[in-house]
Structure formats: structure tokens, C-alpha cells
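A quick note: this is a predicted structure, and the numbers were derived from the prediction, not measured. Below, read A as the first sequence line, B as the second, and so on, with proteins coming before strands; counting in each chain starts at 1.
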Number of protein chains: 2
Amino acid sequence: MNLVSNNLVDLAENLRGLGISPTKQRIAIGEVIFSRNQHISAEQILEKVQKADASVSKATVYNTLNLFVEKKIVRELIIDRSKVFYDPNTDFHHHIYNVDTGEIRDISAESLSVTGLPELPSGVQLEGADVVIRVRSKPVESAVSV
Amino acid sequence: MNLVSNNLVDLAENLRGLGISPTKQRIAIGEVIFSRNQHISAEQILEKVQKADASVSKATVYNTLNLFVEKKIVRELIIDRSKVFYDPNTDFHHHIYNVDTGEIRDISAESLSVTGLPELPSGVQLEGADVVIRVRSKPVESAVSV
DNA sequence: GTCAGTGCAAACCCTTTGCAGAAAG
DNA sequence: CTTTCTGCAAAGGGTTTGCACTGAC
């Protein structure tokens, strides 16, 4: 399910359909996340939500994000050592991450494909496959021979 | 460069060759990391090092790991939201991560291949390409329809 | 009225930092 | 001797938790 650009009515309905009671805060958070394709941190979500609807706390943002991830309507991007990013696009796709600027860009699954997924150990279930291409803006001086 | 299973003399020499002065602590840390192929956290490294050589502090472990990563003799695995793992195998390969048990296993680049690496934006240099297959041990009950 | 959801602040945990002392070259 | 490195403890920063309050049904 991909909820990006869903309108508010649909969002509430969709949450309800997943057994998530659509509280004011969850709607506000969902509205921020699903407004467009993006890669956004919890802190950024909190900022944006509070700009639109002051009564959402940090704890609720985290609770809600974890709930959305568990329900698989948001994808968690573990890309940076310091913080998690959240991606409303749950369609299979990959990422290119600039370690210098922090910029994250999508790579479609069509343009970059992963083949040869190994046989999974028994009793184990596939959860996801993440491909992260890391780039840096500038050459590392120390790595360049003089 | 892959330093796994190097002996101590080689390790000191290799560090020196990279402009890393081979202090007692760095050797002790390197000895733990490069003793075998593994995926190990900073905390685990600290434990093991202290078991063998009591005089290494947490700060030095972190400093040394960051130095080794920068010098590209250790690969940093950003796989889990809570902590970074370190991999002495710098040859191109991928990982399968069990989110329930925390187990990390290697997938060779031969068995799983990534094709269609996008053209990088100009002024940007490839730093690495990480593929993580996430699995879980048990089906998520809430995800199973009743 | 009951139970789930929220807000606040404190706790947590991994990682980094500041600085004085120790070691390397 | 000078510079780099280390140890300690404290600070930092993202995330989680405990608990009382609020709101949904």
C-alpha cells in the first residue's frame, strides 16, 4: 500500500482499515509524511506537524512512526549512523545517499536490480531488501596519492 | 586491502603503511577485529580487547574504529537503528540481517549481484554500495489475516 | 466507565568530546 | 622535546519509557 498524496478522508479510512484508530495526532503526522515522496527524520516531522497542529508531542511522533512502520505504510531507512529516516514510498525501490550532504535520492527498482537473492534459512521470513549507494561530494584528500 | 587473519607483525606493518602509528591499543583492537571474519559492535570489541589487554578505553575503541573506517580497512555496517557493526572484510559483499536475532551473515557478491548502478551526479564520488536483506525469525501475527 | 492514546520529562544507550597525563618518534 | 595518542568522565543526541491526564466509544 502506498499512501502518498492520499487525501485526508482516505488517510483516516486507510488507518482505520489497518486497525489504527485515526486520532487527530496520527492524522496530522500522516498528513506530513504522505504529503509527498520524501525522506524525513522524526525531528523534521515533529517540526512540520507542530507548525500545522501545535498539540503533538515528540513521544507521539515516535510512537506513531513505529506504528506506521510496523503496519508497513512507512518504510524505515537505516542509512545514517545518527538518525533514522522515514519514507512514505513503500514500493520496492532503492536509495542513493550522499554522506557529505545527507541528501537521499530514490533509485527505481527498474533501473537498479538485485538478482540472486539467497535461499533463506528455514523458519525465516523475508522482511525487506535495502540497497544503499553511498556517495560523497568531494574526493577524500588523504586517499589521493600525491 | 583485507587484513583478516593477518599476523601481528603484518598488522603493525600494514597500519604503518597507511600512516597509522601502531600503538599498543590499536594493535590490540586490530587483533580482535581481524582475527576472523565477523560483524562486531564497538561494545563487543571493547569487551574482547579488555579481556586480552586491560588498558584500552571505550574512547580509544571508538577513535580507532573511526580511524580504521576512514582508512578503509574496516567496513562500517549501518544495519540496525541502535548500533553500528564493524566488518573486517572489505571485499565487496552483501549482508543478510535477522532483525529478531541480530544475526548478520555474508552474501557473496557473486551470488547476489546489483546491476544498473545509476550515473552519479557530477562532482560526486562513489563511496560504497550496501545491500542488506532483512529477515525475521517468526511471522508477524498481526500481519496474518485471521 | 473503560481502555487506548497522548504529553511531559526523565531515562537510556551509543557515540563523541574536552582535557590532563602518557607514550611515540 | 614535541606531537600524537589515550583514559576518564561528562556531555551530546536520537529514541524510548513511566506515568498521569485526556479523549474515544
Side-chain angles (χ1 to χ4, degrees), chain A residues 11-13 15-33 39-50 52-71 74 76-86 99 102 104 142, chain B residues 11-13 15-33 39-50 52-71 74 76-86 99 102 104 142:
Chain A
L11 180 54
E13 279 314 305
L15 294 184
R16 221 185 293 272
L18 292 163
I20 302 174
S21 120
T23 65
K24 196 177 51 155
Q25 289 85 350
R26 287 171 179 165
I27 294 293
I29 293 167
E31 204 179 336
V32 166
I33 299 176
H39 312 96
I40 189 171
S41 69
E43 191 190 13
Q44 292 173 312
I45 292 169
L46 179 62
E47 272 174 32
K48 291 197 176 191
V49 167
Q50 289 189 333
D53 176 331
S55 66
V56 176
S57 71
K58 187 186 287 191
T60 297
V61 168
Y62 278 102
N63 286 340
T64 301
L65 286 171
N66 287 336
L67 180 63
F68 284 3
V69 168
E70 192 188 322
K71 295 297 186 180
V74 164
E76 191 178 43
L77 302 183
I78 300 174
I79 272 189
D80 186 281
R81 50 202 292 160
S82 74
K83 74 183 73 151
V84 175
F85 288 92
Y86 296 89
V99 298
I104 302 173
S142 65
Chain B
L11 180 54
E13 279 314 304
L15 294 184
R16 222 185 292 273
L18 292 163
I20 303 174
S21 121
T23 65
K24 198 176 50 153
Q25 289 85 350
R26 287 171 180 166
I27 294 292
I29 293 167
E31 204 178 337
V32 166
I33 299 176
H39 311 95
I40 189 171
S41 69
E43 190 191 15
Q44 292 173 312
I45 292 169
L46 179 61
E47 272 173 33
K48 292 197 176 193
V49 166
Q50 288 187 334
D53 175 331
S55 66
V56 176
S57 70
K58 186 186 288 192
T60 297
V61 168
Y62 278 102
N63 286 339
T64 301
L65 287 171
N66 287 337
L67 180 63
F68 285 2
V69 168
E70 193 187 321
K71 295 297 187 179
V74 164
E76 191 178 43
L77 302 182
I78 300 174
I79 272 189
D80 186 280
R81 46 201 296 160
S82 74
K83 73 183 75 148
V84 174
F85 288 92
Y86 296 89
V99 298
I104 303 173
S142 66

Exercise for review: Could you tell me whether the side chain of B:Leu46 reaches within less than 4.5 Å of the side chain of B:Tyr62, counting heavy atoms only?
Suggested key: no
**Study point:** Residue pair B:Leu67, B:Asn63: steps toward the side chain to side chain contact (heavy atoms under 4.5 Å, CB included) verdict
**Key:** CA-CA 6 Å; B:Leu67 180 63; B:Asn63 286 339; over 6 Å; no
Exercise for review: Using five pairs at either end of the helix from C:dG1-D:dC25 to C:dG25-D:dC1, determine the angle between the two local helix axes and round it to 10 degrees.
Suggested key: 30°
Exercise for review: Give the intermediate values and the outcome of side chain to side chain contact (heavy atoms under 4.5 Å, CB included) for residues B:Thr64 and B:Thr23.
Suggested key: CA-CA 10 Å; B:Thr64 301; B:Thr23 65; over 6 Å; no
Exercise for review: With the side chain counted from C-beta on, respond yes when B:Ile79 and B:His39 share a heavy-atom pair under 4.5 Å apart, and no when they do not.
Suggested key: no
Check your understanding: Under a 4.5 Å cut-off applied to non-hydrogen side-chain atoms, are B:Ile104 and B:Asp80 in contact?
Key -> no
Review point. Taking A:Arg16 for the side chain and A:Pro22 for the main chain, is one N or O donor matched with an acceptor at less than 3.5 Å?
Key: no
Review point. Using a cut-off of 4.0 Å between protein heavy atoms and nucleotide atoms, how would you tag nucleotides 9-25 of chain D 5' to 3' with B, S and -?
Key: -----SBBB--------
Check your understanding: Between which nucleotides of DNA chain C, read 5' to 3', does contact with chain B run, using atoms under 4.0 Å from its heavy atoms?
Key -> C:dC14 to C:dG25
**Study point:** Nearest atoms (heavy-atom pairs only) where A:Ile29 meets A:Val49
**Key:** CA-CG2, 3.8 Å
Check your understanding: Mind checking whether A:Tyr86 and A:Ile33 have side chains closer than 4.5 Å, heavy atoms only?
Key -> no
Check your understanding: Would you call B:Glu70 and B:Asn66 a side-chain contact if the rule is heavy atoms closer than 4.5 Å?
Key -> no
**Study point:** 5' precedence on DNA chain C between B:Lys24 and A:Thr60 (nearest-nucleotide basis)
**Key:** A:Thr60
Check your understanding: side chain to side chain contact (heavy atoms under 4.5 Å, CB included) between B:Gln25 and B:Ser57: does it pass, once the steps are laid out?
Key -> CA-CA 9 Å; B:Gln25 289 85 350; B:Ser57 70; over 6 Å; no
Exercise for review: For B:Leu46 and D:dT6, give me the distance from atom CG to atom C1', rounded to whole Å.
Suggested key: 13 Å
